[in-house]
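Only heavy atoms go into these numbers, but all of them, side chains included; no hydrogens, no water, no symmetry mates. Proteins come first, then strands; the chains are lettered A, B, ... in the order of their sequence lines, and each starts at number 1.
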2 protein chains.
Amino acid sequence: MQNSFTEENYLKIIHALSGRDGLEVSTNALAESTSTRAASVTDMLRKLADKGLIHYKKYQGVTLTESGERVAIKVIRKHRLWEVFLVEKLGFGWDEVHDIAEELEHIPSEVLVEKLDAFLGHPKFDPHGDPIPDAKGNLTEPDYLILTDVQVSEKVLMMGVLDHAPSFLQHLDRSGITLGAVIEVKEINEYDKSASVQINGGPTLFISLEVSKNLLVQRR
Amino acid sequence: MQNSFTEENYLKIIHALSGRDGLEVSTNALAESTSTRAASVTDMLRKLADKGLIHYKKYQGVTLTESGERVAIKVIRKHRLWEVFLVEKLGFGWDEVHDIAEELEHIPSEVLVEKLDAFLGHPKFDPHGDPIPDAKGNLTEPDYLILTDVQVSEKVLMMGVLDHAPSFLQHLDRSGITLGAVIEVKEINEYDKSASVQINGGPTLFISLEVSKNLLVQRR
DNA sequence: ATATATTTTTAGGCTAGTCTAAATTTTTTA
DNA sequence: TAAAAAATTTAGACTAGCCTAAAAATATAT
């Protein structure tokens with residue numbers, strides 16, 4: 001039983017919205033994320049429930065079943081592997097690959113995914129620092145900090161982003177904030193929580209709270 | 001104006017069936033090739049004609065317009081480039097790549113195709129010896145011979161296949177007949193036109209007319 | 001040259017996925 | 001806790017792409 005492009009997208013989005021503790025996802029949230037109307041979402045939810053991919057009770061929101069979770073994670077695996085391919089092999093910027101990977105992630109063929117994975121050297125993270133589920137479907141989200149949780153004078157490693165918007169990623173590019181960069185928090189402005197940070201022991205720059213909130217980092 | 005997966009497939013098939021002199025393609029031939037019914041084909045032809053992609057007069061068969069030809073050639077370019085990728089980079093056999101490329105060929109993004117092309121080193125032929133149209137849409141079919149046109153004692157180079165069926169390609173693999181192999185025709189059996197050929201100056205083997213008819217070769 | 005066979009088109013219908021408008025349920029608030 | 005607001009579902013409809021059955025056009029054969 002094959003799942004359609006659209007079904008796979010709903011499952012992927014439910015996975016993303018329900019977070020790591022598998023919270024219920026609302027119809028409206030799905031309508032927002034899928035750029036459709038709530039009524040359309042309801043139709044699809046009935047269908048996914050009939051296929052045993054989600055737990056759905058009218059008006060109660062949805063969660064993935066085991067089987068729905070498996071499908072979602074496979075899609076995520078494919079998406080992230082293709083992103084690695086696009087950046088590492090084809091030379092795309094990390095701000096350019098999302099939409100293309102969004103298409104490639106629905107290409108069926110287990111063997112294609114596994115050969116791609118091997119070709120890429122079994123990467124553990126995609127170009128945005130998101131972890132790539134393994135072939136068995138194990139996905140462990142590393143527990144990174146958000147830069148806002150870092151104290152003044154701490155040095156941390158830049159490990160990923162929460163916001164994947166091209167404009168945000170381009171902003172980071174212009175600031176020299178790349179994956180693996182060492183970020184030292186020099187100062188935090190009490191008034192607006194903007195920060196002054198030093199990148200790789202080099203230039204110091206100011207970043208707004210909005211930026212800090214979207215940077216995932218790790219203590220060294 | 002984007003063309004759908006299905007529309008692209010129709011255009012690609014019309015291109016293939018109309019051959020290099022752009023002959024009219026019949027509704028029934030399309031039904032056969034698309035694995036649909038003639039009535040469905042008629043629907044789609046009306047649609048493609050409305051979009052200016054084909055010349056269509058009821059009961060008269062169809063040909064591609066300039067614009068339809070451009071779309072078809074882009075799809076063919078993508079198909080063949082992805083086949084090169086699958087064989088050269090991911091290690092698939094030439095008998096395994098058709099169905100996957102059939103999906104990948106519909107991924108939109110001009111820049112993806114061009115980056116893929118560069119990554120592959122601007123290949124001129126796909127793993128079956130079919131020529132890859134260039135970025136401008138120039139597709140020149142080399143005028144290869146069919147092995148049946150080769151005389152006894154002639155030596156030719158194996159350049160491609162007409163039949164792309166996995167079973168045929170696997171048969172060639174087992175016989176050691178690969179692209180670039182030197183084939184010397186040692187003898188032709190008058191009765192059934194089967195031939196005895198020597199591969200790369202090594203083993204001699206018998207091949208049936210059915211096989212000869214599907215081998216594209218070139219005089220050296 | 002006409003009857004028969006073949007091909008193609010039309011007519012009407014189906015499913016997936018979407019929509020709007022209206023009805024219903026749940027949540028919030030006074 | 002009842003009324004208002006918000007969220008969700010139902011009802012009915014649309015498009016793309018497909019189907020079957022019947023009608024119409026073209027091709028073939030006597």
Side-chain angles (χ1 to χ4, degrees), chain A residues 1-15 17-19 23-64 68 71-72 75 99 102-103 105-108, chain B residues 1-15 17-18 23-64 68 71-72 75 102-103 105-108:
Chain A
M1 186 211 319
Q2 268 292 61
N3 301 300
S4 73
F5 187 107
T6 309
E7 289 167 346
E8 286 189 352
N9 267 333
Y10 271 85
L11 295 172
K12 181 186 62 174
I13 291 171
I14 293 168
H15 178 93
L17 294 180
S18 63
L23 303 171
E24 256 106 46
V25 177
S26 76
T27 299
N28 264 359
L30 284 167
E32 165 86 35
S33 291
T34 55
S35 302
T36 62
R37 300 316 187 112
S40 311
V41 172
T42 300
D43 287 346
M44 182 56 76
L45 294 184
R46 252 186 10 84
K47 189 177 164 199
L48 293 173
D50 287 349
K51 293 181 94 173
L53 295 165
I54 59 173
H55 298 293
Y56 173 55
K57 272 194 232 95
K58 284 204 273 188
Y59 298 100
Q60 307 309 161
V62 293
T63 55
L64 294 175
V71 174
V75 175
D99 292 351
E102 207 73 359
E103 303 278 335
E105 73 189 6
H106 302 291
I107 303 285
Chain B
M1 186 210 320
Q2 269 291 59
N3 301 299
S4 73
F5 187 107
T6 309
E7 288 168 346
E8 286 189 352
N9 267 333
Y10 271 86
L11 295 173
K12 181 185 63 174
I13 291 171
I14 293 167
H15 177 94
L17 294 180
S18 64
L23 302 172
E24 254 107 47
V25 177
S26 75
T27 300
N28 265 0
L30 283 168
E32 165 86 35
S33 291
T34 55
S35 302
T36 61
R37 300 315 189 111
S40 310
V41 172
T42 300
D43 287 346
M44 182 57 75
L45 295 184
R46 251 186 9 85
K47 191 178 163 197
L48 293 173
D50 287 349
K51 293 181 92 173
L53 296 165
I54 59 173
H55 298 292
Y56 173 54
K57 272 196 231 92
K58 284 204 270 187
Y59 298 100
Q60 306 311 160
V62 295
T63 55
L64 294 176
V71 174
V75 175
E102 206 73 359
E103 303 278 336
E105 73 189 7
H106 302 291
I107 302 284

Nucleotide C:dT27, atom C1' - distance to CD of A:E24 in whole Å: 16 Å
Touch class at under 4.0 angstrom, heavy-atom based, for A:F5 against every strand present: nothing
Listed partners of A:E102 passing side-chain contact (heavy atoms from CB on, under 4.5 Å), at least two apart: A:N9, A:K12, A:H79, A:H98, A:E105
Contacts of type side-chain hydrogen bond (donor to acceptor under 3.5 Å, both in side chains), residue B:E103, not counting sequence neighbours: none
Residues which pass side-chain contact (heavy atoms from CB on, under 4.5 Å) with A:R37, listed by chain and number, not counting sequence neighbours: A:S40
Sequence-distant partners of B:E7, side-chain contact (heavy atoms from CB on, under 4.5 Å), two or more places apart: B:N3, B:S4, B:M44, B:K47, B:L48, B:K51
Any B:R37 side-chain nitrogen or oxygen under 4.0 Å from OP1 or OP2 of D:dC18: no
Spacing of B:N3 atom CG relative to D:dA16 atom P, expressed in whole Å: 13 Å
Check nucleotides 14-16 of chain C against the protein and report each pair of N or O atoms closer than 3.5 Å, with its distance, or say if there are none.
none

Value rounded to 0.5 Å, distance of CD1 in B:I13 from CD in B:E32: 10.5 Å
Sequence-distant partners of B:T6, side-chain hydrogen bond (donor to acceptor under 3.5 Å, both in side chains), two or more places apart: none
Which residues share a side-chain hydrogen bond (donor to acceptor under 3.5 Å, both in side chains) with B:T36, sequence neighbours left out: B:T34
Value in whole Å for how far the C1' atom of D:dA16 lies from CG of B:L48: 12 Å
Sequence-aligned protein contact record of nucleotides 7-12 of chain D, with B where the base is within under 4.0 Å of a protein heavy atom and S where only the sugar-phosphate is: SBBB--
Set of side-chain hydrogen bond (donor to acceptor under 3.5 Å, both in side chains) partners for B:T63, sequence neighbours left out: none
